[in-house]
Amino acid sequence: MDGSSDSLGGDPDPAHGCLRCDGAGDEGSDGPETEPSIYEGGAGSRLPGLARRDYAKVLATIGGLTALGSLAAPLAGLSKAFERRYTGPVYTDGVALVDAEGSRVEEGRLSEGELLTVFPEPRPGIADAPTLLVRFPESAYGGGTNLEYTVGGYAAYSKVCTHAGCMVDDRDGETLVCPCHSGRFDPLSGASVTGGPPPRRLPQLPITLSSDGYLIATGDFVGHVGPGGD
């Protein structure tokens with residue numbers, strides 16, 4: 001995921017761990033009798049006959065479950081964010097726009113002619129999340145752009161191409177270009193299609209500024225994100 005602004009122009013073998021290198025307790029050894037190893041079983045073993053590799057796997061499993069348990073609480077709130085079949089809203093009123101590092105976008109982040117890939121703060125991992133944030137002089141926006149959805153020269157559109165669902169990652173001057181099949185969109189006219197196979201424009205996201213100067217959504221994308229839809 002592109003978070004920068006651009007100008008528009010082997011598993012170790014436990015057998016090699018040498019846990020009993022002194023040979024104590026081995027058959028034929030003259031050393032003193034020792035407690036049997038849990039790898040080999042015996043009267044004092046709680047895991048009789050357990051192979052070294054299997055024992056290592058048990059320990060790794062226990063450790064992994066412990067780690068997962070400690071992460072369960074913070075991850076619970078993100079369960080939907082990484083669910084590919086998530087069907088809820090991408091943005092809702094008041095959701096902040098964040099960059100690839102999760103930082104909120106301030107009003108002065110972009111200069112005129114620049115763009116930035118942003119995401120909805122609470123659910124950045126869903127398939128429909130990537131969003132293109134552009135900034136131009138307000139007077140440059142023309143037909144097709146809903147000016148009520150812009151603020152301070154900023155406009156935001158879905159980054160998911162309406163043709164085959166690729167990311168609209170390239171540009172040619174002011175034109176947004178999808179690299180998969182050369183779909184072209186004009187961000188100054190509501191991301192309308194100006195070339196290639198896309199059947200419709202990129203949906204616009206209504207945005208505004210929060211009281212503390214960050215860009216936030218005022219609702220979800222206006223129109224279906226990606227292929228399909230009307």
Side-chain angles (χ1 to χ4, degrees), residues 1-3 5-9 80-81 83-93 95 97-100 105 110 112-121 123-208 215-230:
M1 294 182 293
D2 179 15
S5 62
D6 298 297
S7 177
L8 277 176
K80 287 187 177 180
E83 172 55 61
R84 294 187 62 83
R85 295 182 181 179
Y86 172 75
T87 57
V90 182
Y91 288 88
T92 51
D93 186 17
V95 166
L97 279 60
V98 298
D99 62 18
V105 180
L110 298 184
E112 291 180 351
E114 291 184 331
L115 63 80
L116 179 70
T117 299
V118 295
F119 308 86
E121 187 173 44
R123 51 187 78 89
I126 61 176
D128 294 341
T131 306
L132 287 171
L133 182 67
V134 301
R135 192 176 196 185
F136 293 98
E138 293 187 4
S139 59
Y141 290 102
T145 303
N146 190 328
L147 296 179
E148 293 183 359
Y149 295 164
T150 66
V151 62
Y154 285 99
Y157 304 102
S158 171
K159 190 174 181 176
V160 185
C161 184
T162 55
H163 173 236
C166 298
M167 294 296 106
V168 181
D169 277 329
D170 296 341
R171 59 191 182 278
D172 179 10
E174 295 175 348
T175 301
L176 307 174
V177 182
C178 178
C180 290
H181 304 97
S182 299
R184 300 170 69 88
F185 305 89
D186 181 6
L188 296 175
S189 61
S192 59
V193 180
T194 60
R200 55 186 174 81
R201 70 182 66 230
L202 300 173
Q204 187 174 354
L205 178 72
I207 57 174
T208 191
L215 288 168
I216 60 173
T218 60
D220 205 356
F221 288 110
V222 180
H224 181 80
V225 173
D230 297 327

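Residue numbers count from 1 along this sequence. These numbers come from the heavy atoms of this one structure, side chains and all, not from hydrogens, waters or symmetry mates.
- Nearest heavy atom pair, residue Leu110 against residue Arg135, reads O-NH1, 2.7 Å.
- Contact of the Phe221 side chain with the Asp128 side chain is not registered, since no non-hydrogen atoms from C-beta on lie closer than 4.5 Å.
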Would you please test Ile207 and Thr150 for side chain to side chain contact (heavy atoms under 4.5 Å, CB included) and show each step?
-> CA-CA 6 Å; Ile207 57 174; Thr150 66; 5.6 Å; no
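- The closest donor-acceptor contact from the side chain of Tyr157 to the backbone of Val134 lies at 3.5 Å or more, if one exists at all.
- Scanning for side chain to side chain donor-acceptor pair (under 3.5 Å) contacts around Thr145 gives an empty result, with sequence neighbours left out.
- Here OG1 of Thr175 is found 12.0 Å from CG of Asp170. Values are rounded to the nearest 0.5 Å.
- Residue pairs meeting the disulfide (SG to SG under 2.5 Å) criterion with at least one member in residues 128-160: none, sequence neighbours excluded.
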Please step through salt bridge (charged side-chain N to carboxylate O under 4.0 Å, His left out) for the pair Lys159 and Asp169, ending with a clear verdict.
-> CA-CA 8 Å; Lys159 190 174 181 176; Asp169 277 329; 2.7 Å; yes
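- Between Val222 and the options Pro206, Ser158, Pro203, a side-chain contact (heavy atoms from CB on, under 4.5 Å) holds for only Pro206.
- Cys178 has its SG atom 2.5 Å or further from the SG atom of Cys161.
- Under the 4.5 Å side-chain criterion, counting only non-hydrogen atoms from C-beta, Leu133 is in contact with Leu97.
- With rounding to the nearest 0.5 angstrom, the CG atom of Leu215 is 9.5 Å from the CG atom of Leu116.
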Worked verdict on Val118 versus Val98 for side chain to side chain contact (heavy atoms under 4.5 Å, CB included) = CA-CA 5 Å; Val118 295; Val98 298; over 6 Å; no
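- Interatomic distance, Phe136 CZ to Glu114 CD, rounded to the nearest 0.5 Å: 10.5 Å.
- Summarising the geometry of Ser189 relative to Ser192, their closest heavy-atom pair is OG-OG, 2.6 Å, with the distance given to 0.1 Å.
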Are Glu174 and Leu188 close enough, and set up right, to give a side chain to side chain contact (heavy atoms under 4.5 Å, CB included), and what steps lead you there?
-> CA-CA 8 Å; Glu174 295 175 348; Leu188 296 175; 3.2 Å; yes
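- With rounding to the nearest 0.5 Å, the separation of OH in Tyr154 from OH in Tyr141 is 9.5 Å.
- Shortest non-hydrogen contact noted between Pro179 and Met167 is CD-O, 3.3 Å.
- Nearest approach of Val90 to Asp220, heavy atoms of both residues: N-OD2, 3.2 Å.
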Given Thr218 and Tyr91, is the side-chain hydrogen bond (donor to acceptor under 3.5 Å, both in side chains) satisfied, shown in steps?
-> CA-CA 8 Å; Thr218 60; Tyr91 288 88; over 6 Å; no
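- In this structure, Ile216 and Val95 have side chains that are not in contact, with every pair of non-hydrogen atoms separated by 4.5 Å or more.
- When all heavy atoms of His181 and Pro197 are compared, the pair lying nearest together is O-CD, 3.3 Å.
- Across every non-hydrogen atom of Ala129 and Arg123, the tightest pair is CB-O, 3.8 Å.
- Atom OG1 of Thr131 is separated from atom CZ of Phe119 by 7.5 Å, given to the nearest 0.5 angstrom.
- In this structure, NE2 in His163 is found 12.0 Å from CZ in Arg200, a value given to the nearest 0.5 Å.
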Apply the test side chain to side chain contact (heavy atoms under 4.5 Å, CB included) to residues Val168 and Val177: give CA-CA distance (whole Å), side-chain angles for both, the deciding distance (0.1 Å), then the verdict.
-> CA-CA 6 Å; Val168 181; Val177 182; 5.7 Å; no
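- Among residues two or more places apart in sequence or in another chain, the side chain to side chain donor-acceptor pair (under 3.5 Å) test is passed with Arg184 by Asp172.
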